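Every value quoted in this text rests on a predicted model; they were computed, and no experiment measured them.
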Amino acid sequence: MRKFWGFYNNGKYKVGCNGATMYLYDADDHELAKYKDIPYAYRGAFKPESNIFVLKSTEGRLAVYDFDERKLLYKFRFSNVDGEQDDGFCFSPDGNYFINIERTGSSVHSRLSIYEMHSFSPVKRLFENDRSLALSHIEYNALENQYTILFFIRDTQGFYSQGYIGEFKDDQIIHKRPLSYKAYDFLSDYKSLQLSGFTEKAMEWSSLHYDGFTNNEIIKLRDRNFDMLSFPQIAETFVK
């Protein structure tokens, strides 16, 4: 298998993303198809319990595929902010909704968009008018049955002021727990690697190297597979 920025496996299909082309393989690594529908697409995710796949581009585009039919279902631009769309995303546990963090207006403004999967239409766009809020990653924690979100607050000059982990519930961020800057930075970089599938290429270019982590140490972190909800209690174990 070639080196990919993002790599995903749902048991039936494997997907490799290199930015210009997305490659589809079967479980035995036989190439089935290539897709070049959106550029600068490095990450994606399978809809739970399905062979539907969502691909995200840093250019501000999303593409949705049905791999059983080898078919592109939807393709659209969600923002005109180009080159900065590398924040997190996740599915709802039932697979009915795709939740995407999007830069909008400029690279320093973010919103949370929720798309229903039937026609991939947006049903909600949240936090777009809060110019102090910078969203980074979101995930669903099955054990706690809740969404956890990583974000920071900007000061009046637009710079980082304080990082937090919070619970996303009823269209609000609640139960906010502060993080040190080092802890926030580490967790953001770790979750970016996790979204990529901890590929060799993603690890090679990971910002964790700037914090002194080697590839071997990153692999050990990968194997811990910790979630954002538990991170505040164990942060000092990982942050150098």
Please test Val108 against Glu84 for side-chain contact (heavy atoms from CB on, under 4.5 Å), starting from the C-alpha separation and ending with a verdict. CA-CA 9 Å; Val108 299; Glu84 301 286 344; over 6 Å; no

Test side-chain hydrogen bond (donor to acceptor under 3.5 Å, both in side chains) on Asp189 and Tyr210; report intermediate values, then the result. CA-CA 11 Å; Asp189 291 339; Tyr210 294 106; over 6 Å; no

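Residue pairs that meet the side chain to side chain donor-acceptor pair (under 3.5 Å) test with at least one member in residues 197-206, sequence neighbours left out, are Lys3-Glu200. For residues 86-95, the side chain to side chain donor-acceptor pair (under 3.5 Å) pairs, not counting sequence neighbours, are Asp87-Arg103, Ser92-Asp94, Asp94-Asn96. Counting only residues at least two apart or in different chains, salt bridge (charged side-chain N to carboxylate O under 4.0 Å, His left out) contacts with residues 211-221 comprise Glu217-Lys240. For residues 65-79, the pairs satisfying salt bridge (charged side-chain N to carboxylate O under 4.0 Å, His left out) are Lys12-Asp68, Glu59-Arg77, with sequence neighbours left out. Sequence neighbours left out, not one pair with a member in residues 146-160 passes salt bridge (charged side-chain N to carboxylate O under 4.0 Å, His left out). Legend: side chain to side chain donor-acceptor pair (under 3.5 Å) pairs involving residues 128-139, not counting sequence neighbours, sorted by first then second residue: Thr104-Glu128, His109-Arg131, Arg111-Glu128, Asp130-Ser132, Ser136-Ser188, His137-Ser192, Glu139-Lys191. Under the salt bridge (charged side-chain N to carboxylate O under 4.0 Å, His left out) criterion, the residue pairs touching residues 162-176 are Lys124-Asp171, with sequence neighbours excluded.
With sequence neighbours left out, the side chain to side chain donor-acceptor pair (under 3.5 Å) criterion links Gln85 to Ser79. Applying the salt bridge (charged side-chain N to carboxylate O under 4.0 Å, His left out) test to Arg177 and every residue at least two apart in sequence or in another chain returns nothing. Under the ring pair (Phe, Tyr, Trp, His ring centres under 6.0 Å) criterion, Phe226 pairs with Tyr190, Phe231, Phe238, not counting sequence neighbours. Residues forming a side chain to side chain donor-acceptor pair (under 3.5 Å) with Ser110 (at least two apart in sequence, or on another chain): none. Applying the ring pair (Phe, Tyr, Trp, His ring centres under 6.0 Å) criterion to Tyr42, with sequence neighbours excluded, gives Trp5.
Between Phe152 and Tyr181, the distance separating the two ring centers is not shorter than 6.0 angstrom.
Cluster annotation: Ile153 is connected to Leu135 through the hydrophobic network of ILVMFWY side chains, with a link wherever side-chain heavy atoms come within less than 4.5 Å. Both Leu221 and Ile219 are part of a single hydrophobic cluster, where members link through side-chain heavy atoms under 4.5 Å apart. Hydrophobic cluster membership differs between Val54 and Ile38, with clusters built from Ile, Leu, Val, Met, Phe, Trp and Tyr side chains linked at under 4.5 angstrom. Note: the hydrophobic cluster containing Phe76 does not contain Ile99 (ILVMFWY, side chain heavy atoms under 4.5 Å, direct or indirect links). Placement of Phe98 and Ile138 in two distinct hydrophobic clusters is found when ILVMFWY residues are connected by side-chain heavy-atom separations under 4.5 Å, directly or transitively.
Exactly one of Tyr8, Phe67, Phe4 qualifies for a ring pair (Phe, Tyr, Trp, His ring centres under 6.0 Å) with Tyr23. That residue is Phe4.
If you take CD1 on Ile149 and CD1 on Ile173, they are separated by 4.5 Å, rounding to the nearest 0.5 Å.
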